[in-house]
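Owing to the predicted nature of the structure, the values given are computational and were not obtained by experimental measurement.
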Amino acid sequence: MPELHTSDAALMGYLKQDDTRALTSLIDRWEGRLLHFIYRYVQNEAIARDLVQETFVRVYQARERYDEKRNFSTWMFGIAANLCRNHYRWLSRHAEADLESAPEPVDGKTPVDQIRKSEKNREIAAHILALPHALRVALLLYYYEDLSYEEIAGVVGCSIRGVESRLYRGRKILAARIKLEQEAADKALSKARQTPSKLLI
C-alpha cells in the first residue's frame, strides 16, 4: 500500500500491480507542477488541464513499460511535452480552433491564477509561446521547473550539449524579439510626442 513518502519509482511499482491508489498519490504529488509547465506552454487553462489529465492517462497506460531506474519526473515531463507538441500539430490542421475561448478561474486561487498574478512580464510569456517546440520545452523546464541539464536531456531526448544549445538559441531569439518590441514601442512613443495634440472645440 502506498505511503505518504513512497518514492515515485515505488509508486509506479504499485501501479504495475494495478493499485490505483498509487496513481492518486502520483497525481497529488505532481499535478500542480505539471499544470504550471503545460499552462506556460499552451497559455490556455482549459487546454492545460485537459493535457494534464491526458498525461496521467498515458502514465497509467504505459505503466508496464516504465523502468524504475529512470527518473519518474523526467519520464512524465517527456510525456507531457509530447502531448503539447501533438496539440499544436492538431491546431495547425484546425485553424478555426479558438485559443481564447477558455473561461477564467472564478475563485482566484487556482495554480494557473497564481501564475498569472506572479508573471512579471506577460510579453515574455507570449514570446516563449512563439518559440519552436524544442526551444520552448528546454526554456520552460530550465527556468520555471528548475530541471537540470541532465534531466532536460532525458525529457527532450538529446545530449546535455544539445540542451545547452537549445537554451542558448532560445535566449538569443527571446532577446532579439524583446529588443525589437522595445524599439517599436520607443519609436511609437517618440512619434506620439512629436505629433501636436488636437484641441477639441
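- Interatomic distance, C84 SG to I38 CD1, rounded to the nearest 0.5 Å: 5.0 Å.
- Here L34 contributes atom CG and L26 contributes atom CG; the two are 11.5 Å apart, rounded to the nearest 0.5 Å.
- Under the 6.0 Å distance and 45° angle rule, R63 counts as a cation-pi partner of Y60.
- With sequence neighbours left out, F56 forms a ring pair (Phe, Tyr, Trp, His ring centres under 6.0 Å) with no residue at all.
- For the side-chain contact (heavy atoms from CB on, under 4.5 Å) with T24, the lone residue among D28, T20, I27 that qualifies is D28.
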For a quick test of your reading: what N or O donor-acceptor pairs under 3.5 Å do the side chains of residues 159-174 make, sequence neighbours left out?
| residue | atom | partner | partner atom | Å |
| --- | --- | --- | --- | --- |
| S159 | OG | G162 | N | 3.0 |
| R171 | NH1 | Y143 | OH | 2.7 |

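- Using modelled atom types, one side-chain atom of N82 and one backbone atom of G78 make a donor-acceptor pair closer than 3.5 Å.
- In this structure, L180 is not a member of the same hydrophobic cluster as I128, with clusters built from ILVMFWY side-chain heavy atoms closer than 4.5 Å.
- Under the 3.5 Å distance criterion, with hydrogens and angles disregarded, a donor-acceptor pair is assigned to the side chains of D8 and W30.
- With no hydrogens or angles considered, no side-chain donor-acceptor pair links Y41 and H87 at under 3.5 Å.
- Under the 4.5 Å side-chain heavy-atom criterion for grouping Ile, Leu, Val, Met, Phe, Trp and Tyr, V57 is not connected to M76 through any hydrophobic cluster.
- When the ring pair (Phe, Tyr, Trp, His ring centres under 6.0 Å) test is applied to F77, the partners found at least two apart in sequence or on another chain are F37.
- Note that CD of Q53 and CZ of R49 are 9.0 Å apart. Values are rounded to the nearest 0.5 Å.
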Pairs under 3.5 angstrom only: tabulate donor-acceptor contacts from the side chains of residues 147-157 to other protein residues two or more places apart or in another chain.
| residue | atom | partner | partner atom | Å |
| --- | --- | --- | --- | --- |
| S148 | OG | E151 | N | 3.1 |
| S148 | OG | E151 | OE1 | 3.4 |
| E151 | OE1 | S148 | N | 2.8 |

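- The minimum heavy-atom distance between R40 and L140, with the atom names listed, is CB-CD2, 3.8 Å.
- A cation-pi contact, defined as under 6.0 Å to the ring centre and within 45° of the axis, is absent between R21 and Y14.
- Two residues are said to be in side-chain contact when any heavy atoms from C-beta on lie closer than 4.5 Å; H36 and Y144 fail this criterion.
- Applying the side chain to side chain contact (heavy atoms under 4.5 Å, CB included) criterion to A10, with sequence neighbours excluded, gives T6, S7.
- Put simply, CZ on F72 and CG on D67 are 13.5 Å apart, with the number rounded to the nearest 0.5 Å.
- Minimum interatomic distance between A48 and L35 (heavy atoms only, all atoms of both residues): CB-CD1, 3.9 Å.
- The OH atom of Y66 sits 6.5 Å away from the CE atom of M12 when rounded to the nearest 0.5 Å.
- With a 4.5 Å cut-off on side-chain heavy atoms, Y39 and N44 do not count as touching.
- With sequence neighbours excluded, the residues forming a side chain to side chain contact (heavy atoms under 4.5 Å, CB included) with E64 are K16, listed by chain and number.
- For the residue pair R177 and H127, the shortest heavy atom distance occurs at NH1-O, 3.6 Å.
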